[in-house]
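Reviewing the structure listed below.
By convention here, the first residue in the shown sequence is residue 1. Counting starts at 1 for both ligands and their atoms, in listed order. Owing to the predicted nature of the structure, the values given are computational and were not obtained by experimental measurement.
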Amino acid sequence: MQELGVVHTTIERAEPAAVNRLSRLGVATVHEAMGRLGLMRPYIRPVYPGARLCGTAVTVLLQPGDNWMLHVAVEQVRPGDVVVAACTTECEDGFFGELLATSLRAHGALGLVIDGGCRDVADLERLDFPVFSRAVHAKGTVKATPGSVNVPVVCANVLVNPGDVVLADADGVVVVPAAKAAETAEAGELREAKEEEKRRRLAAGELGLDIYHMRDDLQSHGLRYVD
Ligand SMILES: O=C([O-])CC(=O)C(=O)O
Ligand SMILES: [Mg+2]
C-alpha cells in the first residue's frame, strides 16, 4: 500500500561518487549488472530523441488527472535529483510540461520519469530537459487531491525509494537501490570492460559461436548442419 497525504522532507540519497560512475553507463549494462533487475516497463519512453538522465530520486505519488504533488515536489528537490512520479491508478493525462520543467530546473533537478502523460514536448526538447513518460498527451490536469512526496512508490513495475539512483536513456529506465549504487557501478564497469574485448573480437570477424564456446552445447542439443 502506497502512503497518501505525506511529504518526507529528509531523504537519504545515494553517494554522489557512485551516482557519477553509474551516469557513465548504459541502462542495459546497469540492468544486467544488477542481475537483470530494476528495469521499468518499456512503455516508459523518452519524449525526445537523445534524452538521458542519471540522478537521485525524489518520488511522487500522484492522483489521476492531478499534478498538485509535482508542485509540492519542486520544493523538496536538491541539485542532482530526478523526480520519479507514479500514479495511484493508470492515467495518461498531461501532468507535466515546460513550466514545471523550468521550475524543477531552477531547483537543480535533472529530469523527470513519470508513469503518466507529459506535454509541451517541443519546448522540453528545446530546453533539453529530459522526460521519460508513458504518454505524450496535451490533456490538462487539476490541483485538487493530495498524494505524497518522498514515499516509496511503484513506478512502471519498479519499486523506487527516495534517494535511489535513476538512470534513463534510449533503452529505458533502470532504478538502482541507494545501498547498491557503488557495487552496481563496479559490476557495470567490469561488464563494459568485457564487452569492449568482445566488440574488438567481433569487429575482427570472430564468431560469437566461438567466443562464447557455443558449438559443443549446440551439438549436445541436437543441432545438425545439412548441405
Ligand atoms: O501547467 C501544467 O499543468 C503542466 C504544463 O503544461 C506545464 O508545466 O507547462
Ligand atoms: Mg504547459
Side-chain angles (χ1 to χ4, degrees), residues 2-9 11 13 40-151 153-158 160 162-164 166-170 172-173 175:
Q2 302 184 101
E3 205 179 1
L4 281 170
V6 192
V7 178
H8 289 279
T9 56
I11 65 172
R13 291 169 172 84
M40 286 193 188
R41 298 278 295 125
Y43 61 73
I44 302 286
R45 298 299 305 150
V47 301
Y48 59 86
R52 187 184 155 79
L53 58 78
C54 181
T56 40
V58 161
T59 62
V60 180
L61 184 57
L62 297 164
Q63 300 281 6
D66 191 313
N67 74 354
W68 206 1
M69 289 302 112
L70 287 172
H71 290 274
V72 173
V74 174
E75 194 179 20
Q76 302 307 319
V77 158
R78 300 289 170 266
D81 284 343
V82 167
V83 174
V84 177
C87 193
T88 54
T89 189
E90 278 182 33
C91 182
E92 297 185 332
D93 293 357
F95 292 92
F96 186 87
E98 52 90 19
L99 287 177
L100 269 163
T102 302
S103 176
L104 277 180
R105 178 165 275 171
H107 291 264
L110 301 177
L112 170 79
V113 175
I114 182 165
D115 195 355
C118 167
R119 62 186 188 179
D120 305 332
V121 295
D123 292 319
L124 293 172
E125 181 167 13
R126 181 179 51 76
L127 292 169
D128 197 15
F129 188 88
V131 175
F132 290 72
S133 72
R134 81 179 280 149
V136 172
H137 197 353
K139 188 169 188 286
T141 53
V142 299
K143 292 143 189 57
T145 317
S148 289
V149 173
N150 280 334
V151 297
V153 296
V154 175
C155 185
N157 269 26
V158 175
V160 189
D164 286 351
V166 185
L167 174 68
D169 65 19
V173 185
V175 178

Has Y48 got a side-chain atom pairing as donor or acceptor with D123's backbone, closer than 3.5 angstrom?
no

Among protein heavy atoms, which lies nearest atom 8 (O) of ligand 1, and at what distance?
L100 N, 2.9 Å

Check: T88 side chain, Q63 main-chain N or O, donor-acceptor pair, under 3.5 Å
no

Of H71, R119, E98, the one whose closest heavy atom lies nearest atom 1 (O) of ligand 1 is R119

Heavy-atom distance to atom 5 (C) of ligand 1: which of C118, G97, A101 wins?
G97

Ligand 1 N/O within reach of L99 N/O, cut-off under 3.5 Å:
yes

How far is atom 3 (O) of ligand 1 from the closest protein heavy atom, and which atom is that?
N67 ND2, 3.1 Å

Worked check of side chain to side chain donor-acceptor pair (under 3.5 Å) between D66 and T141
CA-CA 5 Å; D66 191 313; T141 53; over 6 Å; no

Salt-bridge contact R41-D115 (side-chain N to carboxylate O under 4.0 Å):
no

Pull out every atom of ligand 1 sitting under 4.0 Å from any heavy atom of D120, numbered as shown with elements.
5 (C), 6 (O), 7 (C), 9 (O)

The Mg ion (ligand 2) is nearest to which N, O or S atom of D120?
OD2

Donor-acceptor contact present, side-chain T59 to main-chain V84, <3.5 Å:
no

Spacing of CG belonging to D169 relative to SG belonging to C54, to within rounding of 0.5 Å:
10.0 Å

